[in-house]
K.L.:
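One structure coming up, written as structure tokens, with questions to follow.
Starting from 1, each residue takes its place in the sequence as its number. The basis for the numbers below is simple: all heavy atoms, side chains too, and nothing from hydrogens, waters or symmetry mates.
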Amino acid sequence: MSDWDIVFQEWPRFARGFSNTLILFGVSTVGAFILGAILVNALVSRNPSTRGAAHVYVDGMRMLPFLIFAYLLYYGLPSVGIRMSAWTAGLIGLVLYHAAYVAEILRGAWSQLPAGQTEAARAMGFHGAKLFLRIVLPQLVLGSAPILGNQLIYMLKDTAFLMIITVQELTYAASSVQSMYFVPLQPFIVAIALYWVTTMAIEGLVFVVGRFARKRGLGRA
């Protein structure tokens, strides 16, 4: 049996790993975006305590390697009585970590918005959450689409680090096949191809959003 025959025989393992990767990526993307949108409001808050706490969180996460963060969540927290499954720890890690980057990206886009725009929206009756969700946030997303797209790609690649806490995602599947059959190359070629296909899909989505933003006079795409 050739090395490629072994890889094809183990295709169900790759399919399960790829499915887990996509689920982790999709759920963590939604979670990180929601948390990032909340954080960006704290970052621009007029309350110094709120703004300071948000900066501490965002800067703390950005200075911490994701691999160490995931390791601490799964292996470190049980020492203080907090236990969770590997999958849950991985998902929480991705959301908490990448929300900090999403918040900083949105803050940068917010700083480029004309101040008179929000004042005009307030004059038309938009305040609080309604102002943010219907007027500000759509413009932040459209204006920072290429940078948000890059962050999504980083998030996808960070799912591979979760194999260190035994999450059975795509890299874990490739590593398992490699170690079981001593096939050093082909399993990782398959994994790279699947990561590449997913990345291309993300870039396609970013292109569509960027084109829409340009038509509305927004963004740097």
K.L.:
To the nearest 0.5 Å, how far apart are CE in M200 and CD1 in I153?
P.N.:
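The CE atom of M200 sits 9.5 Å away from the CD1 atom of I153.
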K.L.:
Does V167 reach the side chain of N20, with side-chain heavy atoms less than 4.5 Å apart?
P.N.:
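With C-beta onward as the side chain, the pair stays apart.
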K.L.:
Any chance you could measure S176, atom OG, to Q168, atom CD, to the nearest 0.5 Å?
P.N.:
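It is 7.0 Å, given to the nearest 0.5 Å.
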K.L.:
Are more than 12 heavy atoms from other residues, nucleotides or ligands located less than 6.0 Å from atom OH of Y75?
P.N.:
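Check passes, neighbour count above 12.
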K.L.:
How many angstroms lie between CD in Q178 and CZ in F188, if you round to the nearest 0.5 Å?
P.N.:
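Going from CD on Q178 over to CZ on F188, the span is 5.0 Å.
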K.L.:
Looking at V177, T171, I6, I192, which hits side chain to side chain contact (heavy atoms under 4.5 Å, CB included) with P187?
P.N.:
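That would be V177; it is the only one of V177, T171, I6, I192 passing the side chain to side chain contact (heavy atoms under 4.5 Å, CB included) with P187.
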K.L.:
Hydrophobic clustering (ILVMFWY, side-chain heavy atoms < 4.5 Å, transitive) - are V58 and V56 grouped together?
P.N.:
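As far as the 4.5 Å side-chain criterion goes, V58 and V56 are not connected within one cluster.
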K.L.:
Would you indicate whether the side-chain heavy atoms of L148 and V102 approach each other to under 4.5 Å?
P.N.:
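Contact flag for V102/L148 side chains = yes.
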K.L.:
List the atom pairs, with distances to 0.1 Å, where a side-chain N or O of residues 24-39 and a protein N or O form a donor-acceptor pair under 3.5 Å, not counting sequence neighbours.
P.N.:
residue: S28; atom: OG; partner: L24; partner atom: O; Å: 2.5
residue: S28; atom: OG; partner: F25; partner atom: O; Å: 3.1
residue: T29; atom: OG1; partner: F25; partner atom: O; Å: 2.6

K.L.:
Under 4.5 Å between side-chain heavy atoms, counting indirect links through other Ile/Leu/Val/Met/Phe/Trp/Tyr residues: same cluster for L67 and L64 or not?
P.N.:
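L67 and L64: one cluster.
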K.L.:
Nearest 0.5 Å please: distance from the CG atom of L91 over to the CG atom of L73.
P.N.:
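The CG atom of L91 sits 11.0 Å away from the CG atom of L73.
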K.L.:
Give a yes or no answer on whether the side chain of T50 reaches the backbone of R46 with a donor-acceptor pair at less than 3.5 Å.
P.N.:
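Absent.
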K.L.:
Can you name the closest pair of heavy atoms from L96 and M61 and give their distance?
P.N.:
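L96 and M61 have their closest heavy atoms at O-CG, 4.0 Å.
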K.L.:
To the nearest 0.5 Å, what is the distance between CD1 on I135 and CG on L140?
P.N.:
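Result: 11.5 Å between the selected atoms.
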K.L.:
According to a 4.5 Å side-chain heavy-atom criterion applied to Ile, Leu, Val, Met, Phe, Trp and Tyr, with indirect links allowed, do I202 and L170 form part of one hydrophobic cluster?
P.N.:
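Yes, same cluster.
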K.L.:
Do S19 and I23 come within less than 4.5 Å of each other through their side chains, counting heavy atoms only?
P.N.:
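Yes. Closest side-chain heavy atoms under 4.5 Å.
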K.L.:
Measure from the ring center of F18 to the ring center of F14 and say whether it is less than 6.0 Å.
P.N.:
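No, ring centres 6.0 Å or more apart.
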K.L.:
Less than 4.5 Å apart, any side-chain heavy atom of T21 and any of L156?
P.N.:
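SC-SC contact between T21 and L156 confirmed.
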K.L.:
Does the side chain of M155 reach to within under 4.5 Å of the side chain of Y101, using non-hydrogen atoms?
P.N.:
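Not touching, per the 4.5 Å side-chain cut-off.
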K.L.:
Taking the side chain as C-beta and beyond, is there a heavy-atom pair between V7 and D3 under 4.5 Å?
P.N.:
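They are not in contact (no side-chain heavy atoms under 4.5 Å apart), so the answer is no.
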K.L.:
Taking it one step at a time, do Y181 and Q9 satisfy side-chain contact (heavy atoms from CB on, under 4.5 Å)?
P.N.:
CA-CA 11 Å; Y181 297 98; Q9 174 185 290; 3.4 Å; yes
K.L.:
Please collect all salt bridge (charged side-chain N to carboxylate O under 4.0 Å, His left out) contacts where either partner lies in residues 12-39, sequence neighbours excluded, each pair once.
P.N.:
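Those involving residues 12-39 are E10-R13.
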K.L.:
Please check if the number of heavy atoms outside R51 that lie under 6.0 Å from its CZ is greater than 12.
P.N.:
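Buried by this count: over 12 neighbours within 6.0 Å.
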K.L.:
List the atom of G90, the atom of L162, and the distance in Å for their closest heavy-atom pair.
P.N.:
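Looking at all heavy atoms of both residues, the shortest contact is CA-CD2, 3.7 Å.
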K.L.:
Drop me the distance from E169's CD to S175's OG, to the nearest 0.5 angstrom.
P.N.:
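E169 CD to S175 OG: 9.5 Å, rounded to 0.5 Å.
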K.L.:
Less than 4.5 Å apart, side chain to side chain, heavy atoms only: is that true for V190 and W4?
P.N.:
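Side chain of V190 against side chain of W4, heavy atoms only: contact under 4.5 Å found.
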K.L.:
Tell me who clusters with Y172, hydrophobic residues only, linked when side chains sit under 4.5 Å apart either directly or through other members.
P.N.:
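Noted: Y172 shares its cluster with M163.
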K.L.:
Please confirm whether the backbone N or O of D5 pairs with a side-chain atom of S2, one donor and one acceptor, at under 3.5 Å?
P.N.:
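Pair found, side chain donor or acceptor close to backbone of D5.
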K.L.:
Which atom pair, heavy atoms only, marks the closest approach of P138 to F132?
P.N.:
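Scanning both residues, the minimum pair turns out to be CD-O, 4.1 Å.
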K.L.:
Using the rule that two of Ile, Leu, Val, Met, Phe, Trp, Tyr join whenever any of their side-chain heavy atoms come within less than 4.5 Å, decide whether L185 and Y195 are in one cluster.
P.N.:
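Shared cluster, yes.
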K.L.:
Looking at side-chain heavy atoms only, is the closest gap between F161 and F69 below 4.5 Å?
P.N.:
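No, every pair of side-chain atoms sits at 4.5 Å or beyond.
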K.L.:
Transitively linked via ILVMFWY side-chain contacts under 4.5 Å: Y74 with Y71?
P.N.:
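Yes; tracing contacts between hydrophobic side chains, which count when under 4.5 Å, links both residues.
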